[in-house]
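Chain letters run A, B, ... following the sequence lines, proteins first, then strands; residues in each count from 1. Atom set for the values below is all heavy atoms of this structure, side chains included, hydrogens, waters and symmetry mates excluded.
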Protein chains: 2
Amino acid sequence: MAPGIAPVALDAMGGDHAPVAVVQGAIDAARKGHAVILVGPEERVRAELDRQRASWNLPVQVRHAPESVGMEEHPGQAMRRKKLNSIRVALELVRDGEASAAVSAGNSGAMMVGAMMVLGCSGDVLRPAILSVLPAAKGRPVMLDAGANVDCKPIHLVQFALMGEVYSRRVLGVAKPRVAILANGEEESKGTTLTRAAAVALSRSGLRFQGYCEGRDLLAGEVDVVVTDGFTGNVALKTMEGTAQALAGMMREALRRTLPARLGGALVKDAIDEIRRRVDWREIGGAPLLGVDGVGFISHGRSDALAMENAIRRVGEAARSHFTDEIAAAVAPAEALLAP
Amino acid sequence: MAPGIAPVALDAMGGDHAPVAVVQGAIDAARKGHAVILVGPEERVRAELDRQRASWNLPVQVRHAPESVGMEEHPGQAMRRKKLNSIRVALELVRDGEASAAVSAGNSGAMMVGAMMVLGCSGDVLRPAILSVLPAAKGRPVMLDAGANVDCKPIHLVQFALMGEVYSRRVLGVAKPRVAILANGEEESKGTTLTRAAAVALSRSGLRFQGYCEGRDLLAGEVDVVVTDGFTGNVALKTMEGTAQALAGMMREALRRTLPARLGGALVKDAIDEIRRRVDWREIGGAPLLGVDGVGFISHGRSDALAMENAIRRVGEAARSHFTDEIAAAVAPAEALLAP
């Protein structure tokens, strides 16, 4: 068992392949020493553990949660009405110190709302943000908000920057993270009313603030924390995903077309697989929710066992860093930075 | 000479490699029958034509424009103060019917402002937009606005949709273009105040409107006209560019690492080059400016001769389609569509 932290609570009913993939990911992680609590309908989860022949001495517990939240359900309503849903129970384990972190591949809005209700916001945090680790060739750049907050004000972007810096430094080990705001050009005159106000505030913040960065900088590794509203962040993330998919598709087709290409394709297969792994969201495992009093990860709805196993590993790293202790102090100056 | 249209006016002084690359692109296009007018300081342009041994019987004219606009100059000021700058003179040739279209790889803001001043907006168009043809594997999807208008209102997005549909149909030959608004999810509940208002209006427009699309749909070929504000559009475009570059870099590195990869890499080189060409902005040549009374293309600042030659060819296609005739009528219903 990984030392020093309580087990990770897993929403056994979250995601397209739940509970099978979640249980399998939990077993795989447990075999590597990570303690987990599977949260879901006890009988069903235990049956799945038996079916997958989990041995009794693995560090896997089950916590009963008879209800679950559907992918299409309204997050706030589901959280209020279903007091015993698996997301809520997992978050309560974190609140009560029985778990070090909660992970769900289910309804991400419900995870967000649930975290705010059950764990509460850290200090003056106005809105928690979803942080996404970007699959860059060098460094471990992060972008936030990746989709939780669509209509933002300058104070939100400033808080995202301050929280993202803590995560980059404490969890990812970047000594002095370079912070930039995503915009439509690098010059100060670019950006929107929103980004310009946030940029002025961040230039006074003491962060290593580099002004604006552009879409082409996201994977270049020259910025560590990219700050943006959840609308733009979501578009940028999915554009990366779509571009990688489109290029992979063109590649597959091109490598079938001629005999030399087919021969060469067989020889370069390992190299291509390595790139595929590097840009694979399953390797990243999930996106942490920043700004709540506890560690929560949102995993991809299509998560398979590998994705769940990686999420357990990554969320464990995050919990061991105790980065949440620093969030409240980090965001405290945000309001003053925006004063005229 | 390509039949039926006046020559294309080229800003000989625009772009990082002007005038050498522009003149070379003009010569290459002229050799394939495209008539061009090079606009710039006459002596300098003629000297470059001589240096590149352009033969006298090519359809290349020179029009004197002693001034030029720098990349960092304020577009409005430059346009007002330098009455004889090469962008302005090229646009005046279009206005006066001596040229069918104008192309510049120089200051894109100046091209935009100049087009509004010299050509004027079509009908009720409030703001011209930059349209970008996306390098998809199937179809010829376009996105607008690609960066001209950062803070938009619903009426702007509605006009962009109506203009983009005309371009897709008339210039790119898509019979009944599918139109969608770029957002952070496909459900109606997603998007911002801006996108929701525009979506309601477009659902009444008679266009083949498909609601929201996401970043991952941009290159998938299931949407023909992607509508967005210039901030988000610019971020999405540059994210595509950056992702393609990052993947190409990983690929280059992976194909050097092992002996089989090196051997295979040599065999798949042609296939990779073909993909590179397909996603190369130089092949696309430039982005049309929609909503002004005339045809104008903005080319990439880094345009080389190939990019300029392609721009001349593409802008010729656009001019021959006479799509601008339809823009005023297309945008006329925009205001009414937004009525409550």
Worksheet item: Non-hydrogen atoms of chain B under 4.5 Å away: do they reach the side chain of A/A244, the backbone, both or neither?
Response: both
Worksheet item: Using non-hydrogen atoms only, which part of A/A136 is less than 4.5 Å away from chain B: side chain, backbone, both, or neither?
Response: backbone
Response to the item:
Closest non-hydrogen atoms of B/A254 and A/I275, given as atom of the first, atom of the second and distance, are CB-CD1, 4.1 Å
Worksheet item: Checking heavy atoms, do the side chain of A/I272, its backbone, both or neither come under 4.5 Å from chain B?
Response: side chain
Fill in: Region of B/T258 that comes under 4.5 Å of a non-hydrogen atom in chain A
neither
Discussion item. If you count heavy-atom pairs within less than 4.5 Å of chain A, which of B/G233, B/G249, B/G185, B/G191 leads?
Written reply: B/G191
Worksheet item: Using non-hydrogen atoms only, which part of B/A236 is less than 4.5 Å away from chain A: side chain, backbone, both, or neither?
Response: both
Fill in: Side chain, backbone, both or neither of B/L263 within contact of chain A (heavy atoms, under 4.5 Å)
both
Discussion item. Do B/T243 and A/T239 have side chains that approach each other closer than 4.5 Å (heavy atoms only, starting at C-beta)?
Written reply: no
Worksheet item: Top residue by heavy-atom pair count (under 4.5 Å) with chain B, among A/T228, A/D151, A/T195, A/T232?
Response: A/D151
Worksheet, complete the sentence: So CG of B/L247 and CG of A/L219: to nearest 0.5 Å the spacing works out to 7.5 Å
Worksheet entry | Point-to-point distance, once rounded to the nearest 0.5 Å, from CD of A/E241 to CD of B/E214 | 8.5 Å
Fill in: Best-contacting candidate, B/A266, B/G147, B/S189, B/G215, against chain A by heavy atom pairs under 4.5 angstrom
B/G215
Worksheet item: Counting heavy-atom pairs under 4.5 Å to chain B, which of A/K238, A/K190, A/M250 comes out on top?
Response: A/K238
Practice prompt. Decide if atom CD of A/E188 counts as having more than 12 heavy atoms of other residues, nucleotides or ligands within a radius under 6.0 Å.
Written response: no
Discussion item. As an exercise: rank B/E253, B/R257, B/E187 by heavy-atom pairs under 4.5 Å with chain A and give me the winner.
Written reply: B/R257
Practice prompt. Output the option from B/L267, B/V150, B/L255, B/V235 having the highest count of non-hydrogen pairs under 4.5 Å with chain A.
Written response: B/L267
Discussion item. Taking CZ in B/R262 as the centre, count heavy atoms belonging to other residues, nucleotides or ligands within less than 6.0 Å. Is the count above 12?
Written reply: yes
Worksheet entry | Interatomic distance, B/N184 atom CG to A/F231 atom CZ [nearest 0.5 angstrom] | 6.0 Å
Worksheet item: Of the backbone (N, CA, C, O) and the side chain (C-beta and beyond), which part of B/A246 lies under 4.5 Å from a heavy atom of chain A, both, or neither?
Response: side chain
Worksheet item: Between B/L182, B/D229, B/D270, B/L218, which residue shows the highest count of heavy-atom pairs closer than 4.5 Å to chain A?
Response: B/L182
Worksheet item: Can you tell me how far the CG atom of A/D217 sits from the CD atom of B/Q245, to the nearest 0.5 Å?
Response: 10.0 Å
Practice prompt. Verify the neighbour count for atom NZ of B/K153: are there more than 12 heavy atoms of other residues, nucleotides or ligands below 6.0 Å?
Written response: no
Discussion item. Run B/M240 and A/R216 through side-chain contact (heavy atoms from CB on, under 4.5 Å) and show every step you take.
Written reply: CA-CA 7 Å; B/M240 274 184 239; A/R216 67 167 72 96; over 6 Å; no
